[in-house]
Engineer: 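Can you keep this structure in mind? I'll have questions shortly.
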Amino acid sequence: MPELPEVETIKNAVAPLIVGQDIVRVNIFNPNLRWQVDKKKLQSLSSEKILSIQRKAKYIVIYFEKGHIIIHLGMSGNLHYQKNDFTPLRHDHAQFKFKKYSIFYNDPRRFGSIHFAKDLDSFFLFKNIGLEPLSDLFNDSALFKMTRNRKTSIKQLIMNGSLIVGVGNIYASESLFRAKIRPSKPAKNITKKECVYLVSAIKQVLKDAIKFGGSSIRDFKQLDGSSGYFKIKHNVYGREGEKCYQCDTKIKKIIISGRSTFYCSKCQS
DNA sequence: CTGAGATCCTGTCTGC
DNA sequence: TGCAGACAGGATCTCA
């Protein structure tokens, strides 16, 4: 489900509900997610206070004094907020229980994961992590360096999480449209000027999506389970055969590394 | 080191 | 309607 803006949106929605509160208990209904969930370690946080909640890449990190909970939503994960006596839904795999209310973790495809880590710096999934696209470290000279000698397409490069985090399949296509660069263009052929455009396009696309509360997803639901986030109008993603808003050319769909990729053959070169 | 491909899993949509 | 097959927001791992 989520790319960076959706994770940011979910994190922002959850924060005022749980920060400063003591967690009563963590219940794991199904530990078989992307990685086996360590129930015992998570339950060791019972009656501990939540100090803060942050997004790191596409992970949500919940900070306690004794350790931290790390949540990844995979392709189809979501959180919802319910009264404590709520009967878990199909595919609710975990419950973070507070005094009156609970946060439920729901993930039909189980590509997501929930971890406990004492120390984030040594947490294995954060070892080889790329730049935060909204930070100042991600700039045109950083991108230019990354692209040198890379045979791979520019789209694959910006989706490579060990280089840049949080740019998923939808926003990759959208950013490249905005920067007027063809997704299949070899990374090594990207010019310095194109790096300037692409960095600014990625930042702007992500910021816009965050502003609108996470875009992308057909079945993206609010925390209370209702649907109704405003859906951002994509320029190219999912618009195969429809007219480009800039030039009326029909949007093309190609497959790059097994993922659907959309672009305008006139606007992007 | 780089990059291609397989893989984890369920739900939804399309076409016959 | 039923059913088979394609496809979907991610990211790690294996292998060449």
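Since the model is a prediction, treat every value here as computed from it, not as a measurement. Here is how names work: the chains are called A, B, and so on, in the same order as the sequence lines, proteins then strands, and each is numbered from 1. Computation of the quantities below employed the complete heavy-atom set of this structure, encompassing side-chain atoms and omitting hydrogens, waters and symmetry-equivalent molecules.
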Engineer: Side chain of S260(A): nearest nucleotide among dG11(B), dA11(C), dA8(C)?
Structural biologist: dA8(C)
Engineer: Can you sort out the partners of S102(A) under side-chain hydrogen bond (donor to acceptor under 3.5 Å, both in side chains), two or more places apart, ordered by chain and number?
Structural biologist: N84(A), Q95(A)
Engineer: Using a 4.0 Å cut-off on heavy atoms, which residues in residues 89-96 of chain A reach DNA chain C? List them by number, or say none.
Structural biologist: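 Residues of residues 89-96 of chain A that come under 4.0 Å of DNA chain C do not exist, since none gets that close.
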Engineer: Using modelled atom types only, decide if a donor and an acceptor are shared between the side chain of Q43(A) and the backbone of V26(A) within a distance under 3.5 Å.
Structural biologist: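 Answer holds: yes.
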Engineer: Rounding to the closest angstrom, what is the interatomic distance between dT12(C) and dG11(B) at atom P?
Structural biologist: 25 Å
Engineer: Taking the six-membered ring for Trp, are Y59(A) and H72(A) ring centroids under 6.0 Å apart?
Structural biologist: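 Yes, the ring of Y59(A) comes within the 6.0 Å limit of the ring of H72(A), centre to centre.
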Engineer: Going by atom types alone, do D92(A) and N106(A) pair a side-chain donor with an acceptor below 3.5 Å?
Structural biologist: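 Looking only at side-chain atoms, N106(A) and D92(A) do form a donor-acceptor pair, the distance falling under 3.5 Å.
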Engineer: Which parts of nucleotides 2-8 of chain B does protein reach within less than 4.0 Å, heavy atoms only, written one letter per nucleotide 5' to 3' as B for base, S for sugar-phosphate only and - for none?
Structural biologist: SSS---B
Engineer: Could you check whether Y237(A) gets within reach of a base, just the sugar-phosphate, or nothing at all, counting any heavy atom under 4.0 Å?
Structural biologist: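 It contacts sugar-phosphate atoms only.
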Engineer: Considering just the side-chain nitrogens and oxygens of H72(A), establish if one lies under 4.0 Å of OP1 or OP2 belonging to dA11(C).
Structural biologist: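 Checking dA11(C) against H72(A), a side-chain N or O does come within under 4.0 Å of OP1 or OP2.
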Engineer: Quick one: I158(A) CD1 to dG9(C) C1', roughly how many Å, whole number?
Structural biologist: 15 Å
Engineer: If you measure from the Lys or Arg side-chain nitrogens to the Asp or Glu carboxylate oxygens, is any gap between D208(A) and K203(A) under 4.0 Å?
Structural biologist: no
Engineer: Do other residues, nucleotides or ligands put more than 12 heavy atoms under 6.0 Å from F126(A) CZ?
Structural biologist: yes
Engineer: Can you name the side-chain hydrogen bond (donor to acceptor under 3.5 Å, both in side chains) partners of D85(A), sequence neighbours left out?
Structural biologist: none
Engineer: CG of L125(A) versus C1' of dC13(C): gap in Å, rounded?
Structural biologist: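 After rounding, the gap between these two atoms is 13 Å.
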Engineer: Under 30°, 30 to 60°, or over 60°: which ring-plane class applies to H93(A) and Y105(A), parallel, tilted or perpendicular?
Structural biologist: tilted
Engineer: Does any non-hydrogen side-chain atom of K253(A) lie less than 4.5 Å from one of S260(A)?
Structural biologist: yes
Engineer: Using atom CZ of F124(A) as one end and atom C1' of dA11(C) as the other, report the distance to the nearest whole Å.
Structural biologist: 11 Å
Engineer: Indicate the ring-plane relationship of H115(A) and W35(A), choosing parallel, tilted or perpendicular according to the 30° and 60° boundaries.
Structural biologist: tilted
Engineer: Under 4.0 Å between a side-chain N or O of Y171(A) and OP1 or OP2 of dG9(C)?
Structural biologist: no
Engineer: Between dG9(C) atom P and E6(A) atom CD, what is the distance in whole Å?
Structural biologist: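 In whole Å, dG9(C) P and E6(A) CD are 12 Å from each other.
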Engineer: Using whole Å, report how far CG of N106(A) lies from C1' of dT10(B).
Structural biologist: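 Taking CG of N106(A) and C1' of dT10(B), I get 11 Å after rounding.
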Engineer: For atom NZ of K11(A), is the number of surrounding heavy atoms from other residues, nucleotides or ligands below 6.0 Å larger than 12?
Structural biologist: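 Result for NZ/K11(A): enclosed.
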Engineer: What contact category does G161(A) fall into here, base, sugar-phosphate, or nothing, at under 4.0 angstrom with non-hydrogen atoms?
Structural biologist: nothing
Engineer: More than 12 heavy atoms of other residues, nucleotides or ligands under 6.0 Å from NZ of K41(A): yes or no?
Structural biologist: no
Engineer: Tell me the interatomic distance from L157(A), atom CG, to dA11(C), atom P, rounded to whole angstroms.
Structural biologist: 15 Å
Engineer: Expressed in angstrom and rounded to an integer, what is the separation of F262(A) atom CZ from dC7(C) atom C1'?
Structural biologist: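 Roughly 11 Å, once rounded to whole Å.
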Engineer: For dG5(B) versus dC7(C), give the span between their P atoms, rounded off to a whole number of Å.
Structural biologist: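 After rounding to an integer number of Å, I get 16 Å for this pair.
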Engineer: Distance check needed: dC1(B) C1' versus M146(A) CE, whole Å only.
Structural biologist: 16 Å
Engineer: Under 3.5 Å, is there a donor-acceptor pair linking the side chains of D119(A) and S122(A)?
Structural biologist: yes
Engineer: Hey, where does DNA chain C pair up into stems, meaning at least three consecutive Watson-Crick or G-U pairs with distances under 3.5 Å?
Structural biologist: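 Counting only runs of 3 or more consecutive pairs, the stems involving DNA chain C are B:2-8 with C:10-16, B:10-16 with C:2-8.
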Engineer: Looking at DNA chain C, which of residues 112-122 of chain A put a heavy atom within less than 4.0 Å of it?
Structural biologist: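 Contacting residues: none.
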Engineer: Do F104(A) and F86(A) have ring centres separated by under 6.0 Å?
Structural biologist: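 They qualify: ring centres under 6.0 Å apart.
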Engineer: Assess, by modelled atom type and distance only, whether the side chains of D107(A) and S76(A) contain a donor and an acceptor separated by less than 3.5 Å.
Structural biologist: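 A pair is found: one side chain offers a donor N or O, the other an acceptor, under 3.5 Å apart.
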